[in-house]
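Only one structure is covered here, and it is reproduced in the block below.
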Amino acid sequence: MDSKYASVGKEKENKKSFENNSLHKVKKMKLCYENNVNPTKENQKESNVNGVKQNNGLNNNSSNDIPEDIQAVRKTLPVYVVRGRLLEEIKKHNTMIIMGETGSGKTTQIPQLIYEQQLESKFVIAVTQPRRVAAITLALRVAAEMKTEIGSIVGYSVRFEDVTSPTTKVKYLTDGMLLREAVADPLLKRYSTIILDEAHERTVNTDILFGIVKLAQKDRKEQKLNPLKVIIMSATMDVDAFRNFYDNCPVIYLEGRTYPVTIYHSKMRHEDYQYAAVCTIFQLHATTPANHDFLVFLTGQEEIETVLTNIKQIAKESPGPPIKVCPLYAGLPASKQLQVWKKTPPGMRKIVLATNIAEASVTIPEIKFVIDTGVVKERTWCTSTGAERLAVRACSQAAGWQRAGRAGRTAAGAAYRLYTARDFAARLAHNAPEIVRCPLTSSMLMLIATGMDPSTFPLIDSPPRDSIQASLLLLKELGAIDNENDPKLTILGKKMTAFPIDPKYSKVLLCAPEYNCLEEALSLVAVMSSENVFHTPLHKREEALKVKQKFISPLGDHITLLNVYKAFCKAPLKKQWCKENYLNHKNLSYAYEVRSQLLSVCQRLNLPITSCGNVLDQLLKCLLSGLFTNCAWARSGAGGAGAGGAGGARYVTSAGAAAALHPAGVLHCARPPPAAVLYTELLHTKRSYLVTVSAVQPQWLQQVAPEFARRCRSNR
DNA sequence: GAGCACTGC
């Protein structure tokens, strides 16, 4: 049998020849799939009926797009048809779960139904979303349906943008925003109803809100305040976990409206999913009409760029219509992301190579075929050393359904899974919720600030004990709480909660007045709070590194970042300037916004905004006062700092982990290598690396964190 | 001398 998977699996050595001249092989391969599952109810998050899109904001989704017969469309929604019964149930119960497939209209219609029932009420209905774009577009949509101005009866609240007024009664907001509000008012008194939407995504914030609203309900009852209605909305998933958490509350199922997606599994296992993806692309390419666009799920930038190069090469000699290949990942500059939404001319095929960004955050219309490699890059975290690890892993079944659902948004489609049906069946039904696998320092601080006890706080899934312990210990070391067993916020801790950033960074800002460097600290923390500002395309690496030289400071990566930020602020034509300097305009602009938000918090706290000018030691000491747990010392002896350049130098962190300076850092080649460094991140890839590093004087640690320094000394 | 998925305040 001439199956491609047979050849992929067995002839690993063919990979190279495939990359160079694979046309031959690709051409003669045939599709060989088994087990044609055809689920009619796909997990597809967006509705193609009610027109609500969740995208990255690149499509201009203004309310002008909404059709005139908006009310007519509303009336065809499944949720509208059953509205009477639904309302009765909602009235009867204070807590309930609504499971609804895509297209049921639950997120746009149910808040309106409730609003119509309590017109005279002075209370607000909150609807949370994990993503800001979703909160914004949903609010715009519902405002249009209700024929009101956005910000009047219907509004939204996301970071950097609050479009609400005292008259707002239906408020769409990100779960992070509601959590912030809960810190100021744990009983959430202004709300009569809180709808937690997309609950199946299980973000840390939603998970914590589950507990907050449960406690608020109980406390409001005890204090004889108006009752709080809680509605959990979710796509089909493990409903038992939610039901158990909410004392067996009722569950309502709503029908959805989606086009069928046919699922194909590969017949055999194979080791090289990149190769399999390219094979599948060209088989489909040769046999399907040009206007059928493809969406391919891959793991990251480098992989996407490699596959893209392969496709372009093979396409030159391959039969089939002309191809337009679009990469799509979060780090890609927005102008290049836009290509994905541009209509291709008739007779041309679009192939989108995307990371997980296309799984839920961003929607590409008119995708006919999804090619699912079945893998995802995931970040995990080690509680004892603080090391983070990025690894490619098999994604869950839920993710598989989600990806498949991306085909046939506008018509019936198909999904090709590059793994076997048996492999699929063996996978986890869902990924572990975020809360059990990420650092909790920030969330713990918020929780303590609301007056809750972290040890008894109700959660659907509890994080590992040592994860909680590690977070509390760090908060204690930062001086945010008085003790770890029955933690209470200190004055410093209270101030720290005012900042929407990592507590380590808030500590830096709060210490900055001591070092006369709040101006610089604000800029640096803002840049550190956003994503990588350097954009390094695979084949223009050399040039990108050359351009970077002018920003480099011998003091290390932090001051280099500060230089980049300062230069960005001065540049008159920022977009163009970023392009020329291989910098990410989106991330630098984000840092700019973050800085102004942080500045206003500092002003509210009456912190003196002064500059240290060129005395950058001050800034580094200040940085150390928040990041003192991120210290590493050069190991003495063979292979240590003395041997060769810093590139070979080995370091050991305060937690005792061995690591080297990351080669992309500016201190990597410093000679002699610094004896002590401060790092932002400890990342394990092939080896352990210290990422974003500055040289510090060993005695500084004693000055800024004497207690911690003592403990480090006794451990070393 | 490596190479980093995605959200959110």
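What you see is a predicted model, and the numbers here were worked out from it, not measured in a lab.
Atom CD of A:E542 has 12 or fewer neighbouring heavy atoms from other residues, nucleotides or ligands inside a 6.0 Å radius.
Comparing atom distances between the A:H662 side chain and each of B:dA2, B:dC9, B:dC6 picks out B:dA2 as nearest. Checking B:dA5, B:dT7, B:dG8 against the side-chain heavy atoms of A:R132 singles out B:dG8 as nearest.
Taking 4.0 angstrom as the limit, A:T203 places none of its side-chain polar atoms (N or O) nearer than this to OP1 or OP2 of B:dG8. Between A:T174 and B:dC9, a side-chain N or O to OP1/OP2 separation shorter than 4.0 Å is present. The side chain of A:Y329 places no N or O atom within less than 4.0 Å of a non-bridging phosphate oxygen (OP1 or OP2) of B:dC6.
Residues meeting the ring-ring contact (aromatic ring centres under 6.0 Å, His included) test with A:H662, sequence neighbours left out: A:Y689. Evaluation of the side chain to side chain contact (heavy atoms under 4.5 Å, CB included) rule for A:V124 yields A:K171, A:Y191 as partners, not counting sequence neighbours.
Computed from coordinates, the A:I208 CD1 to B:dG8 C1' distance equals 12 Å when rounded to whole Å. When rounded to the nearest whole Å, the span between CD of A:E593 and C1' of B:dG8 equals 14 Å.
Residue A:Y689 is classed as a sugar-phosphate contact, given heavy-atom separations below 4.0 Å to backbone atoms only. Within 4.0 Å of A:L683, counting heavy atoms only, lies at least one base atom of the nucleic acid.
Using cut-offs of 30° and 60° on the angle between ring planes, the pair A:F568 and A:Y592 is perpendicular.
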